[in-house]
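Model, not experiment: these values are computed from the prediction.
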Amino acid sequence: MQTISNKSTTRRHRVSRDTLSTAGTRATKQRMLILEIVRQGKGHLDADDIYRQARVEQPRLSLSTVYRALHALKRLGLTEEVHIDDSHHHYEPKQPVEHHHLVCLGCGRVIEFKYPLAHQMKKAVPDARNFDIVNTEIRVTGYCAGCRRKRKRT
């Protein structure tokens, strides 16, 4: 008898395999695992986070394989690369609705938000500059409520 956990894992692998196949690429175990980690990830994962989680299931996996898989998933439109800070990139599932990020300079917390500014820019800027915008990425930095309180105390 199969456990609920195994049934859930089997279903997730089938969904990941179908997603990759539909996108036109080979559904390797590594790609399926990495896609699943990004989809299930809490917050915005960087390549090292994904690598550490993937090694639990596939101990022989290399960091370069993770980077190649992330590049392929991004190219296929299944994941997005987000630039939360200047030191490295973070990954998240491709969202159906454009969203942006508030990044706390104190604790590093990332808060997603939706705002029509990017939509307005896409409409106005191409006309003014004869430019075809395909994507916008807005990152706003500052301090969350907790870090603001800590800064006031010091």
Side-chain angles (χ1 to χ4, degrees), residues 1-122 125-126 131-144 146-147:
M1 184 171 142
Q2 197 174 31
T3 66
I4 293 173
S5 174
N6 288 341
K7 284 181 183 178
S8 176
T9 301
T10 301
R11 184 176 113 19
R12 283 195 326 253
H13 280 127
R14 186 179 65 249
V15 169
S16 294
R17 184 179 300 111
D18 292 347
T19 301
L20 289 169
S21 296
T22 301
T25 192
R26 216 170 93 228
T28 65
K29 288 181 185 178
Q30 293 89 354
R31 286 180 185 154
M32 290 187 334
L33 175 61
I34 291 164
L35 178 59
E36 191 59 32
I37 289 170
V38 171
R39 284 181 169 169
Q40 299 298 318
K42 303 288 186 238
H44 299 82
L45 303 172
D46 67 14
D48 288 331
D49 296 329
I50 295 165
Y51 172 66
R52 280 191 295 277
Q53 289 182 35
R55 295 260 330 236
V56 171
E57 196 166 317
Q58 295 183 13
R60 297 185 64 189
L61 184 73
S62 72
L63 184 57
S64 63
T65 298
V66 171
Y67 276 108
R68 283 193 304 273
L70 288 169
H71 179 73
L73 295 171
K74 179 183 165 190
R75 183 175 33 86
L76 294 167
L78 299 173
T79 62
E80 291 182 302
E81 186 177 81
V82 181
H83 306 100
I84 292 175
D85 61 34
D86 295 334
S87 63
H88 56 283
H89 307 283
H90 295 77
Y91 298 88
E92 64 184 11
K94 180 77 172 172
Q95 304 288 324
V97 176
E98 191 172 85
H99 68 282
H100 312 290
H101 301 94
L102 299 171
V103 181
C104 180
L105 296 170
C107 65
R109 182 176 171 209
V110 178
I111 303 165
E112 293 183 353
F113 71 99
K114 295 174 187 147
Y115 190 75
L117 175 64
H119 178 72
Q120 293 169 5
M121 285 174 52
K122 281 183 180 179
V125 173
F131 192 82
D132 185 19
I133 297 174
V134 295
N135 187 34
T136 58
E137 186 175 321
I138 297 174
R139 173 183 62 141
V140 180
T141 58
Y143 294 94
C144 68
C147 290

*Starting from the C-alpha separation in whole Å, work towards a yes-or-no answer on side-chain contact (heavy atoms from CB on, under 4.5 Å) for I138 and Y115.*
CA-CA 10 Å; I138 297 174; Y115 190 75; over 6 Å; no

*Step by step, work out the side-chain contact (heavy atoms from CB on, under 4.5 Å) result for I37 and E57.*
CA-CA 11 Å; I37 289 170; E57 196 166 317; over 6 Å; no

*Candidate pair H90 and L45, rule side-chain contact (heavy atoms from CB on, under 4.5 Å), full reasoning*: CA-CA 5 Å; H90 295 77; L45 303 172; over 6 Å; no

*asked:* Assess the residue pair H100 and R139 against the criterion (side-chain contact (heavy atoms from CB on, under 4.5 Å)); give the C-alpha distance rounded to whole Å, side-chain angles, the decisive distance to 0.1 Å, and a yes or no.
replied: CA-CA 6 Å; H100 312 290; R139 173 183 62 141; over 6 Å; no

*May I have the step-by-step check of side chain to side chain donor-acceptor pair (under 3.5 Å) for H99 and E92, ending in yes or no?*
CA-CA 12 Å; H99 68 282; E92 64 184 11; 2.8 Å; yes

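The CZ atom of R39 lies 4.0 Å from the CG atom of L35; values are rounded to the nearest 0.5 Å. Atoms OH and NE2, from Y67 and H89 in turn, are 8.0 Å apart once rounded to the nearest 0.5 Å. The distance from atom CZ of R68 to atom NE2 of H71, rounded to the nearest 0.5 Å, is 11.0 Å. Atom CG of L78 is separated from atom CD1 of I34 by 12.5 Å, given to the nearest 0.5 angstrom. With values rounded to the nearest 0.5 angstrom, R52 atom CZ is found 13.0 Å from L61 atom CG. The CG atom of L102 sits 10.0 Å away from the CD atom of E112 when rounded to the nearest 0.5 Å.
By the neighbour-count criterion of 12 heavy atoms within 6.0 Å, atom CZ of F131 is sparsely surrounded, having that number or fewer from other residues, nucleotides or ligands.
Under the 3.5 Å distance criterion, the side-chain polar atoms of T79 are left unmatched by any main-chain donor or acceptor of Y91.
Counting all heavy atoms, side chain and backbone alike, R109 lies closest to C144 at NH1-CB, 4.3 Å. Of all non-hydrogen atoms in L70 and A47, the two that sit nearest each other are CD1-CB, 4.0 Å.
With contacts defined as side-chain heavy-atom distances shorter than 4.5 Å, the pair Y51/D46 does not qualify. For the pair K29 and Q58, the minimum side-chain heavy-atom distance is below 4.5 Å. Using a 4.5 Å cut-off on side-chain heavy atoms (C-beta onward), L63 and D48 make contact.
Residues H44 and H101 bring their aromatic ring centres within 6.0 Å.
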